[in-house]
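Residue numbering restarts at 1 for every chain, and letters A, B, ... go by the order of the sequence lines.
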Protein chains: 2
Amino acid sequence: MKLDEAKNKYIQTWGSLATSWGINKTMAQVHALLLVSIKPLSAEGIMETLKISRGNVNMNVRALIDWGIVSKEFVVGERKEFFVADKDIWELFKQITKERKKREIEPVLKVLEDLQKVDDNTEDGMQFKKVLTDLSSVTNTVNNILDNAIKADEHWLLSNFTKIIKK
Amino acid sequence: MKLDEAKNKYIQTWGSLATSWGINKTMAQVHALLLVSIKPLSAEGIMETLKISRGNVNMNVRALIDWGIVSKEFVVGERKEFFVADKDIWELFKQITKERKKREIEPVLKVLEDLQKVDDNTEDGMQFKKVLTDLSSVTNTVNNILDNAIKADEHWLLSNFTKIIKK
DNA sequence: CTAAACTTTCAATAATTATTGAAATAAAAA
DNA sequence: TTTTTATTTCAATAATTATTGAAAGTTTAG
C-alpha cells in the first residue's frame, strides 16, 4: 500500500467509524487529516483535500478546537490561520474521554439525582428508587474510573490495571 | 414528585440522552420503560405507553434482545409475548460495554492493523506509522481495560481501582 | 480611511436515520 | 382445515442532522 493511499484510507475509515460513536463524520475526517499531515493546514487546504465547503471546515475545526484536540498555528508570511492536531495520542484519548464524560455521563448523574426526590413509599416506589440508586452507583463508578484515567499516565495505568486484575 | 411523573421523566430523559451516545431514542425509551415496569409488558403495552407504532416496538425490542439486556417472558393464559428488562444494573453496564466495545473499539483495531502494511520509508511514512502504532497502543489499552471491566465485579473493581490510583 | 484577504454565520437544501402502517408471514385455536 | 391472533418486514414518509454557499462580519495592509 502506498502512503497516500493509506492516509486516505485512514481518513475515510475514521469518518465512517465516528458516525457509530455519535461523532460527526466531517469532524472525524478533519481531525484524521490533521493528524497525518506533516505540516499545518489552512481552511483552503482542508477544503481541497476533503472536498467540503468552507462553512463546513470552519464549523468542524472550531468544534475540534473546543474539544482541545486541534490548535491554531501561525505560519510566517501568511495571513490566514493554519491548524494542527496534537500528535500525542494518549493526550488525545484523555481529551476525548473528558469530552465524552461531559456529554454522556454527567447529565445522567444530574437526572438521577433529581429523580431521587420522588415521594412514594409503595413497593413499586421503593423498587423504582432501588433502580435509581443502582444506576447512580454504577454511573458513579464509571465516572470515577474515567476521572482517574484522565489523570493517569498511559503505561502506568495499563500495567497497574493489569496487575490488579490478575491478582 | 409523583411516582408516575418520575418514571415518565426517567423514560423521556433516557431517550434524549441516548441520542448523544449514538443510540436510538426509542430503543433507550423502551429499555427505560421495561426497567421501571413492575410487570412484563407486551408489544401493545409498549405501543400505548410510548405512543409509537407496532413496527417500531418490534424493531427496537429485537435490538434490545440482541444486546442481551431485555428478554422474552411468557405469561400464563396469554398468547402474546411479554418483555422484561434485567434489573441488575451492573450486568446492564457490562452488556452495554460489551456491545459498544464491539461497535466502537474492535473495528478501529482492525483498520489500524491493516494500515500498518503501508510500505514507505520516507520520514513522512515513518511518522505516519508512528501515529498508527500510537493509536493501536492506546486503543489496545482501552480494550484491555474494558475486557477486564466486563469480567469484574462492581465493588471489587471500584475499590481496587481507587486503591491503585491513590497509591 | 478604504480595499483586500480572510473568517464566521445561518437560511436553504441535501443526506441520513428513524418511524409508520399495512401487507406478508407465522403460530395457535377452533 | 380454516379462522383468529400475533409477529415481522419493508417501502413510503417523517424527523433529524449535516452541508452548502453566499452574505455579513472581521482583521490587516496600504
Side-chain angles (χ1 to χ4, degrees), chain A residues 11-34 40-67 70-84 100 103-104, chain B residues 11-34 40-67 70-84 100 103-104:
Chain A
I11 293 166
Q12 295 307 318
T13 314
W14 222 245
S16 77
L17 288 173
T19 61
S20 64
W21 316 336
I23 290 163
N24 137 333
K25 186 181 96 184
T26 307
M27 183 169 159
Q29 288 186 333
V30 172
H31 181 261
L33 171 61
L34 293 173
L41 292 177
S42 66
E44 261 85 24
I46 299 170
M47 283 169 68
E48 283 161 24
T49 316
L50 301 180
K51 281 153 184 55
I52 58 175
S53 74
R54 182 175 298 284
N56 200 4
V57 168
N58 187 272
M59 286 207 177
N60 284 293
V61 165
R62 295 305 126 190
L64 288 165
I65 292 173
D66 282 350
W67 275 50
V70 159
S71 45
K72 283 190 199 178
E73 190 150 295
F74 294 96
V75 171
V76 287
E78 287 275 14
R79 227 170 110 177
K80 47 179 163 255
E81 295 177 323
F82 286 75
F83 307 98
V84 284
R100 294 189 74 172
R103 284 204 310 161
E104 304 186 10
Chain B
I11 293 165
Q12 294 308 317
T13 315
W14 223 244
S16 76
L17 288 173
T19 60
S20 63
W21 316 337
I23 290 164
N24 138 330
K25 186 180 99 188
T26 308
M27 183 169 160
Q29 287 186 334
V30 171
H31 182 260
L33 172 61
L34 292 173
L41 292 177
S42 65
E44 260 84 24
I46 298 170
M47 283 169 68
E48 283 162 24
T49 317
L50 301 180
K51 282 155 183 58
I52 57 177
S53 74
R54 181 174 298 283
N56 201 4
V57 168
N58 187 272
M59 286 208 178
N60 284 293
V61 165
R62 295 304 127 187
L64 289 165
I65 291 173
D66 282 350
W67 276 49
V70 159
S71 46
K72 282 189 198 178
E73 189 149 295
F74 293 96
V75 171
V76 287
E78 286 276 12
R79 235 172 98 177
K80 46 179 163 251
E81 296 176 322
F82 285 75
F83 306 98
V84 284
R100 295 189 75 172
R103 286 204 309 161
E104 305 186 10

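- The side-chain heavy atoms of Met27(B) and His31(B), taken from C-beta on, include no pair separated by under 4.5 Å.
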Got a list of side-chain donor-acceptor pairs under 3.5 Å for residues 51-58 of chain A, not counting sequence neighbours?
from: Lys51(A); atom 1: NZ; to: Glu48(A); atom 2: O; distance (Å): 3.3
from: Ser53(A); atom 1: OG; to: Asn56(A); atom 2: N; distance (Å): 3.2
from: Arg54(A); atom 1: NH1; to: Glu44(A); atom 2: OE2; distance (Å): 3.3
from: Arg54(A); atom 1: NH2; to: Glu44(A); atom 2: OE2; distance (Å): 2.6
from: Asn56(A); atom 1: OD1; to: Asn60(A); atom 2: ND2; distance (Å): 2.7

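- The distance from the OG1 atom of Thr19(A) to the CH2 atom of Trp14(A) is 13.0 Å, given to the nearest 0.5 Å.
- Mapping heavy-atom proximity under 4.0 Å, the span of DNA chain C touched by chain B runs 5' to 3' from dA18(C) to dA29(C).
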Arg62(B) and Glu81(B): CA distance, side-chain angles, deciding distance, salt bridge (charged side-chain N to carboxylate O under 4.0 Å, His left out) verdict: CA-CA 12 Å; Arg62(B) 295 304 127 187; Glu81(B) 296 176 322; 3.2 Å; yes
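- The heavy-atom pair separating Phe83(B) from Ile46(B) by the smallest distance is CD1-CD1, 4.3 Å.
- For the pair Lys72(B) NZ and dA6(D) P, the interatomic distance rounds to 15 Å; values are reported in whole Å.
- Nearest approach of Pro40(B) to Glu73(B), heavy atoms of both residues: CG-OE2, 3.4 Å.
- One finds a salt bridge joining Arg100(B) and Glu104(A) here, because a Lys/Arg side-chain nitrogen approaches an Asp/Glu carboxylate oxygen to under 4.0 Å.
- Mapping Ile23(A) and Arg79(A) onto DNA chain D via the closest heavy atom, the residue that lands nearer the 5' end is Ile23(A).
- Counting to the nearest Å, the C1' atom of dA29(D) and the NZ atom of Lys80(A) are 16 Å from each other.
- Using a 4.5 Å heavy-atom threshold, the side chains of Val84(A) and Val70(A) count as separate.
- The stretch residues 52-66 of chain B touches DNA chain C through Ile52(B), Ser53(B), Gly55(B), Asn56(B), each having a heavy atom under 4.0 angstrom from the strand.
- Remark on DNA chain C: of its neighbouring residues Ala43(A) and Lys25(B), the 5'-side contact belongs to Ala43(A), judged by nearest-heavy-atom nucleotide.
- Using a 4.0 Å heavy-atom cutoff across all strands shown, Ser42(B) reaches no nucleic acid atom at all.
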